[in-house]
A.B. asks: 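Once you've had a glance at the structure underneath, I'll fire off some questions.
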Amino acid sequence: VIDEALRTFLERGCATVVGTAASDGTPHAQRAWGCSVVDPTTIRVLLDGADEVLREHIRSTGRIAITSADVRDLRSVQAKGRVVRLDDEPTAADLARCEAHNEELFRDIEQTDHFAYELTSRMVPVRYVVAVVAVEELYDQTPGPSAGAKVATGEPA
Amino acid sequence: MSAADRELTLADIAPCFEGAIPAVIATASADGTPNVTYLSKVRMVDDDRVALSNQFFSKTARNLVENPRADILLLDPRNYDQYRLALVYERTDRRGPVFERLRHDIDVAAALEGMQDVYRLRAADVYRVTSIEQTPLGRPPADPAALAGHRDGMDPGRMAELSRRLGRCPDLSTVVDTAVRGLAELFGYEHSLLLLADEEGARLYTIASHGYDAEGIGSEVEVGDGIIGLAADRCTPVTLGNVTQAAKYSRTVRRSYEASGELGPGRQVPVPGLADGASRCAVPAMAMGQLVGVLSVESRRPVAYGPADEAVLTVVASILANAIESQRAVEREAQPRPALPSPSASPSSAPATQVRFFGVDGSVFLDGDYLIKGVAGRLLWALLGHHEREGRTDFTNRELRLDPSLDLPAFKDNFESRLILLKRRLDEREAPVRIEKTGRGRFRLLVEGPLRLVAADGDR
């Protein structure tokens, strides 16, 4: 479901957030980092290792929604699926990719929205865990009348 | 007791509700499938409630019908402190004060990109906040000194001083200059614009500015377009603490409407001001129940303005509007003395400046460069015609007001402000033609070199 265009989009310095839900349906939002596409149906994303609620939701339901937005023009895509693996230790490659991703994101925010790096970089968590996500559905989340439409080919509208 | 020592309230995190940074909302459907998306703005309703705008019947809204709980992340634009709000959906408003407040937000966003006809609020969803929690971030807080907020209140001493300064101004030109300079010196508004409404009330034109690289005198805004145009259209203050985000969001929504065929390709609404302005407050200048113009201030700081700024600017705008109307009345009633003899023109060997006039919109170009248009352009063309045909340089406002070629309305014309606008544009452009005030209701045309007047087809 994830084609080359969508891979390029997701692996650029997008602002990424995740949503999870407890077994009783209580939702939870959190920021996410360093998204990469493993194969056309699998995403690897770094999460806040200190967020115990997020980890508990993933352990209990496995369900996750991931929305990535390009801060320069707000083009957004939401992936929905299941976490198939949660690793406590990111690899060196994960961390390097995440750092490059964050630099790009914070630079985009500074240039587009004029918020200083010193502020935006505060969002970076102290430690990460890595979620491997099997993607089942993709939605165009770009603001406008077509927000929420299914993405068939991966190209964000 | 500080906010750190007690339970957080919505009021403690008020800057988070200005929309300077998009919020994040997570919901879940009845079967537990989560949904997460960005929100352009969360509105604080009261001490216990927030409201979200619903204009696209989103998945978020559908989820909340099935499962009324939501989780929101908000960032404080002053320091990037982050807060988590747990919400329970309470009701949907399609009228009433909450709906109107959110509709105002949507209308501002629509006005930024000329989408007033299609981009409208459908409903305001109101939620009860069940918990507020500051979430830990990876790095320590920013310098607390950076936590500049809104102005706390209106300083009556400073307002009185500005009022005194305006009261001493002998003419309209001095009034508008004193106002924008006083706003900077006394209130710290470093970037300001004063725009006046044209005779038809359809457009606003800039007559004074402060703190901009290019003065922008004569730049125009359509009533209804952008923050300034909306303030004029509604005759109410419009404040936006997230100009960058709102403009970006509006552009994206506009593109989406264009892609769906609901809107044709749009024009960019040109707004005079800072390229990187983050906050703007525009207030109408009203006198005798009529819109005279709009006073606008701008800052590079997000969330820079609040209710106290609107109050300060509304008072100043009202003083200005009444001063302008008073000056106009005086000018209209003034009995002119005979025109002074014109100084004899000195021959010059300098190359002639071409002055080209287009009667269709009154635009005037000097050597191919745009100078001015509308009433001010027609006025310049009329003056140069008198100068060429009769060698005249001295004029009275009254005689020109009666000139049918200017196409002024019989009632409530803006002649004086157009004359000031023309004078400033000529000064700004360092044109070889200038205007010099010679007395109440009188002025002199200074022509510094030979001119070649060229009227476009049939325009005279």
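Every chain is numbered from 1, with letters handed out A, B, ... down the list of sequences.
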A.B. asks: Just how far is it from atom OG1 of A/T26 to atom CG of B/D71, taken to the nearest 0.5 Å?
C.D. replies: 9.0 Å
A.B. asks: Rounded to the nearest 0.5 Å, how far apart are OH of B/Y80 and CD of A/E118?
C.D. replies: 12.0 Å
A.B. asks: Measure distances from A/D24 to the heavy atoms of chain B and classify the residue's part below 4.5 Å as side chain, backbone, both or neither.
C.D. replies: both
A.B. asks: For A/G25 and B/A28, which heavy atoms make the closest approach, and how far apart are they?
C.D. replies: O-CB, 3.7 Å
A.B. asks: Report the distance from atom CG of B/N79 to atom CZ of A/F115, rounding to the nearest 0.5 Å.
C.D. replies: 10.5 Å
A.B. asks: Would you indicate whether B/R128, at its atom CZ, is surrounded by more than 12 heavy atoms from other residues, nucleotides or ligands within a distance under 6.0 Å?
C.D. replies: no
A.B. asks: Roughly how far apart are A/R63 CZ and B/T33 OG1, rounded to 0.5 Å?
C.D. replies: 4.0 Å
A.B. asks: Shortest non-hydrogen contact from A/P27 to B/A70?
C.D. replies: CG-CA, 3.7 Å
A.B. asks: Please flag which part of B/N242 lies under 4.5 Å from any non-hydrogen atom of chain A: side chain, backbone, both or neither.
C.D. replies: neither
A.B. asks: Is there a side chain to side chain contact (heavy atoms under 4.5 Å, CB included) between A/Q78 and B/K59 once you walk through the steps?
C.D. replies: CA-CA 11 Å; A/Q78 179 167 209; B/K59 178 65 177 168; 5.9 Å; no
A.B. asks: Looking only at non-hydrogen atoms, find the nearest pair between A/A21 and B/G32 and report the distance.
C.D. replies: CB-O, 3.7 Å
A.B. asks: To the nearest 0.5 Å, what is the distance between OH on B/Y249 and OG1 on A/T142?
C.D. replies: 11.0 Å
A.B. asks: Do A/R31 and B/Q82 pass the side chain to side chain contact (heavy atoms under 4.5 Å, CB included) test, and can you show the C-alpha distance, the side-chain angles, and the key distance before you say yes or no?
C.D. replies: CA-CA 11 Å; A/R31 299 182 190 281; B/Q82 182 171 264; 2.5 Å; yes
A.B. asks: Is A/E89 atom CD crowded by more than 12 heavy atoms from other residues, nucleotides or ligands, each under 6.0 Å away?
C.D. replies: no
A.B. asks: Considering only heavy atoms, which portion of B/T27 lies under 4.5 Å from any heavy atom of chain A: side chain, backbone, both, or neither?
C.D. replies: backbone
A.B. asks: Does this structure show an ion pair linking A/D73 with B/R251, if we count only N-O contacts that are shorter than 4.0 Å?
C.D. replies: no
A.B. asks: What part of B/A20 lies closer than 4.5 angstrom to a heavy atom of chain A: side chain, backbone, both or neither?
C.D. replies: both
A.B. asks: Relative to chain B, which of A/S23, A/G148, A/A22, A/S121 shows the most heavy atom pairs under 4.5 Å?
C.D. replies: A/S121
A.B. asks: Sort out for me which of A/H28, A/K80, A/R127 touches chain B most, counting heavy-atom pairs under 4.5 Å.
C.D. replies: A/H28
A.B. asks: Would you mind checking which part of A/T16 comes under 4.5 Å of any heavy atom in chain B, side chain (CB onward), backbone (N, CA, C, O), both or neither?
C.D. replies: backbone
A.B. asks: Would you mind checking if B/D76 and A/R122 are paired as a salt bridge, meaning a charged N to carboxylate O distance below 4.0 Å?
C.D. replies: no
A.B. asks: B/R300 versus chain A, heavy atoms under 4.5 Å apart: side chain, backbone, both or neither?
C.D. replies: neither
A.B. asks: Name the one of A/T20, A/V17, A/I66, A/I64 that satisfies side chain to side chain contact (heavy atoms under 4.5 Å, CB included) with B/V36?
C.D. replies: A/V17
A.B. asks: Contact between A/M123 and B/L75 at the side-chain level, heavy atoms closer than 4.5 Å - yes or no?
C.D. replies: yes
A.B. asks: Counting only heavy atoms closer than 4.5 Å, note whether A/H114 contacts chain B via side chain, backbone, both or neither.
C.D. replies: side chain
A.B. asks: Does A/A29 offer a backbone N or O that forms a donor-acceptor pair with the side chain of B/R84 under 3.5 Å?
C.D. replies: yes
A.B. asks: Can you tell me which portion of A/T112 sits under 4.5 Å from chain B's heavy atoms? Options are side chain, backbone, both or neither.
C.D. replies: both
A.B. asks: Would you sort out whether B/K248 and A/D113 count as a side chain to side chain contact (heavy atoms under 4.5 Å, CB included), showing the intermediate values?
C.D. replies: CA-CA 9 Å; B/K248 188 167 61 172; A/D113 302 332; 2.8 Å; yes
A.B. asks: What part of A/A15 is in contact with chain B, defined as an atom under 4.5 angstrom from a non-hydrogen atom: side chain, backbone, both or neither?
C.D. replies: both
A.B. asks: Please check if atom CD in A/E103 has more than 12 non-hydrogen atoms from other residues, nucleotides or ligands closer than 6.0 Å.
C.D. replies: yes
A.B. asks: Drop me the distance from B/Q245's CD to A/L74's CG, to the nearest 0.5 angstrom.
C.D. replies: 6.5 Å
A.B. asks: Examine whether an atom of B/N35 lies under 4.5 Å from a heavy atom of chain A, and if so say whether it belongs to the side chain, the backbone or both; otherwise answer neither.
C.D. replies: both
